[in-house]
Amino acid sequence: MAITMPLSSIIHKQPQKQRDKWPSNDFQEELVIRPLHSGDIYASFQFRTLWETDFMRGNKVSHYRLFPKSLGQVISKFSVRELHISFTQGYWRTMQWGQPFLPSPPGAELWVWFQDSVTDVDGTWKELTNVLSGIFCASLNFIDSTNTVQPSASFKPLGIGNVTDHSFLRYATLPREIVCTENLTPWKKLLPCGSKAGLAVLLKSEKLFHSSFHSQAVHIRPVCQDWQCKTTSWELRQTLNVVFDLHTPGQGKREWSLFKMFSRTLTEACPLASSSKIYIDITDNPQGEQFEVSPATPLLSQAMVLGDRRTFSVYDLTQQITFGTVRSLNLLIRWKSSEGYIHYQPSKDRVRPHLLEMLVQLPPNSVTEVTVQFERALLKWTEYTPDPNHGFYVGSSVISSLVPSIVAMDTNSTREQPLFSSFFPCKEESSYFVRVYTEPLLVNLPTPDFSMPYNVICLTCTVVAVGYGSLYNLLTRSFQIDEPSPGLAKRIANIIRKMRGVPPL
Amino acid sequence: MAAPLTLLLIVAVTIRAALYRSSLADLISERVEVVSPLTAWKRVVEGLALLDLGVSPYSGDVFHETPLIIYFFHFLVDYAEITFMLADVITAVALYMTVKDYNKQVFRKQKYALEADRYPLDCLELIRSPKEMYYIPLKVAMFYLLNPFTILSCVAKSTCGLNNAVIALFILSTIKGNVLLSAVFLSLATYQSIYPLTLCAAALLYLMQRQYIPVNYRRASFWWFIAQYAFMYLGSLFVIVCLSFFLLGSWDYLPSVYGFILSVPDLTPNIGLFWYFFAEMFEHFRLFFLCVFQINVFFYTIPLSIKLKEHPVFLIFMQLAVISIFKSYPTVGDIALYLAFLPVWSHLHRFLRNIFLVSCVLLACSALFPVLWHLWIYAGSANSNFYYAITLLFNVAQILLVSDYFYAFLRREHHLTYGLYLKRKDGSEATLVLK
């Protein structure tokens, strides 16, 4: 049904009237998957709970539905206006991975805006850190005046509020804090569906902590509920960013699936969620030539992210059709094998050399390494050059390439031009041919001792003869009792007696 | 006896698994004493990669395994470690069952000979009792599994382990009297490396004696049995060779595998005698000495079978030893197979003459191999002669070991026939010499 609709009409834009009236308790979950250039994959979970209630005026709130009670009590007891806490393991590599959706420093980071009604901010800060360390099972109690600051220019409130007095802001970071399963479990408990339904079933610690980068955060702030900001509600966002390394699982195949990343597949959306979506970033793959995503989805969405318009494929988990007939969703992202051409002709000793030809498309601003393992061989003594300890030369490698040129090249080769510019024929205007040779390689091979041919032949044949001799003796001779031979006089006497025909002595 | 054997298997598998997980595995799989150009795992992986690339694995000079090995590992390359551990376990269990059966037969023969009063009275202390023979099968399995040579060979994933498994299964099926299986396993072993062909003489002798066919070349039943065995052997060899042809579609593998074993073009150092000899050979005499050395392996078959026709199992031991010492690309895995048989002849210890010297030399050479290799190749302060000398010494020690056991075996047989305490003509104590 949705498949037959033309694609242009499915590009989502949030209709205006939907935003004016939000329900009082709302939960949304989403997962964004962005394949990165190096083959790694970046997954970002966001769970947002909106609650139309008023913590600020000190009202006692007792009926909690989707909003976690522990955090609600923290907000009301410590008069918190905004709370942002993140736990990160690993360092975000901007050069290779681009920009994250939600940046975070390694270790733990906590920054809090208190409300104006707080008199003793430092004391409240101390109690708040202790309570939070209990909630998240982290050692946030190490936050004290030695690592707390009050930034004056940055970390302005992210929610509503035009506060200028930065004495109500506290910022602390613990770079040594380690993130592990014990921090993930209480974090997962804050979700309305827990880790039992929806996107949170994917959050299994064995896979999440086996990654290059892992960051989980909780952000609480008051937001406007409608366009005119007549009423406010509290927003709780729980985010989890993780980058999986292509090479850790041990297989070089460039493909990712939900099962490979999280060792789980999705069977249903969280029943308490009003929207449950998965977004896959396909901006770098407009015609599907770099990778393909399966199962295919007709839904597309565009969004402005970090100053760039990006296109996403959308999977709506609240629709039953997303799960298909097998009732489970396992997204598969497979890179198309770059149709590089490899021609390899192995060598035959004393007949022909190795030939390795590769047609490779190199990604921009990158380093590509080609390694070849080799073993050194021992040659016959006559096959060495007269200077064997100099080594053997391996010829240069050749790289031939068509390089894009800035100015238009001249394809007319018959025109009058200097000799130095007319060697390589020019087929097209936009690129020119270049050939680069590497240095030759000098390899030191182990040498036998050239002065020893006769000695070696003798010694080896001696060993073979030892073997032959011992076995010959044992095979052809038999055991006999050793009779001592008589002395010389007796032997001469025996000879004479034999000649006379008399029995010997 | 199943419980101690199981315990031994568990210990052996644990040691191998622990070594696989450590960083030593890569180090060991590059040692030239443990892997040869015929058996290296790196070359198997290279062959599989070439096959995936669409190039015939035999077009280069790297891969010298048989096509059946390619297809065996095509499906099992992810479980290679388990495969090699399993091969070691199969070898050990096969040797265990072989020796158990053999001991029963030895004891039975001894009993008949005792009843027939064939032993002189004073050699009763040479008679073996079941009590002393009880633990020998377990010791054989232990000698094979816990031998450092075997462990190194297994951790390096050398296909010598598979060859040993096939040879052990061949020996087991021969001892059990199964003619067809014996021929099939022998053809598999020969298909992989040519040299186990010499074991056919021992198998024929044993099977004929087990079926009470007289070992006399004038009898028709003798030739009829040989014809049967040869037919089964050649038939299975033909099937395997044709299967290899159809698997890869060409006869390329024949010169790459058998031509390689016989003509020794690759002179990578190993623990054998061929490499330096042919590295320093005058070109004029190369073919002559190649033929001499290859014939040397097969040459001892007939004389040994004539001398040991009553004792085919000892003949198998001698043949295995001769193959391991004189083959073109020996590795420590080959040595481990015949060393596993030593506990079976432990009753010969009183007649062994050189055992202390031989074991010291073997230990010292095993320790010196890596040292002198390092000094030659990496440090550059020694040269190839040092490594070559240790190779020579190692082989001399092995030859002495084998001939010592042969001497002790023949001497015991002599004593069993003529008595233990021999007197000279004038009544004084005699010494026994070979004349």
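In the text below, chain A, chain B and the rest are named by the order of the sequence lines, each starting its count at 1. Atoms considered below: every heavy atom in the structure, side chains included; atoms not considered: hydrogens, waters and symmetry mates.
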Among Val456(A), Thr460(A), Thr382(A), side-chain contact (heavy atoms from CB on, under 4.5 Å) partner for Glu280(B)
Val456(A)

Between Trp376(B), Tyr276(B), Phe406(B), which has the largest tally of heavy atom pairs under 4.5 Å with chain A?
Tyr276(B)

Engaged part of Tyr472(A) at the chain B interface, taking heavy atoms whose separation is under 4.5 Å:
neither

Do Tyr407(B) and Phe479(A) have ring centres separated by under 6.0 Å?
yes

By a 4.5 Å heavy-atom criterion (distance strictly below it), what part of Glu375(A) contacts chain B: side chain, backbone, both, or neither?
side chain

Tell me, for Phe293(B) versus chain A, whether the close heavy atoms (under 4.5 Å) come from the side chain, the backbone, both or neither.
side chain

Measure distances from Leu50(B) to the heavy atoms of chain A and classify the residue's part below 4.5 Å as side chain, backbone, both or neither.
side chain

Output the residues of residues 31-43 of chain B for which the shortest heavy-atom distance to chain A is under 4.5 Å, in residue-number order; output 'none' if no such residue exists.
Lys42(B), Arg43(B)

Is it the backbone or the side chain of Met281(B) that comes under 4.5 Å from a heavy atom of chain A, or both, or neither?
both

Heavy-atom pair count under 4.5 Å with chain A, highest-scoring of Asn296(B), Asp404(B), Leu392(B)
Leu392(B)

Any idea which of Val466(A), Asn455(A), Leu379(A), Leu471(A) has the most non-hydrogen atom pairs under 4.5 angstrom with chain B?
Leu471(A)

Against chain A, work out which of Phe326(B), Phe278(B), Tyr418(B), Tyr300(B) has the most heavy-atom pairs shorter than 4.5 Å and name it.
Tyr300(B)

Taking every heavy atom of Asp61(B) against every heavy atom of Asp349(A), the minimum-distance pair comes out as OD2-N, 2.6 Å

Please classify the contact between Leu53(B) and chain A as side chain, backbone, both or neither, with a heavy-atom cut-off of under 4.5 Å.
side chain

Toward chain B, the part of Thr476(A) with a non-hydrogen atom under 4.5 Å
neither

In residues 378-388 of chain B, which residues are in contact with chain A at a heavy-atom separation under 4.5 Å?
Asn383(B), Ser384(B), Asn385(B), Tyr388(B)

Ranked by heavy-atom pairs below 4.5 Å to chain A, first place among Asn395(B), Leu273(B), Asp266(B) goes to Leu273(B)

Region of Glu383(A) that comes under 4.5 Å of a non-hydrogen atom in chain B:
neither

Chain B contact via Arg376(A) - side chain, backbone, both or neither, heavy atoms under 4.5 Å:
neither

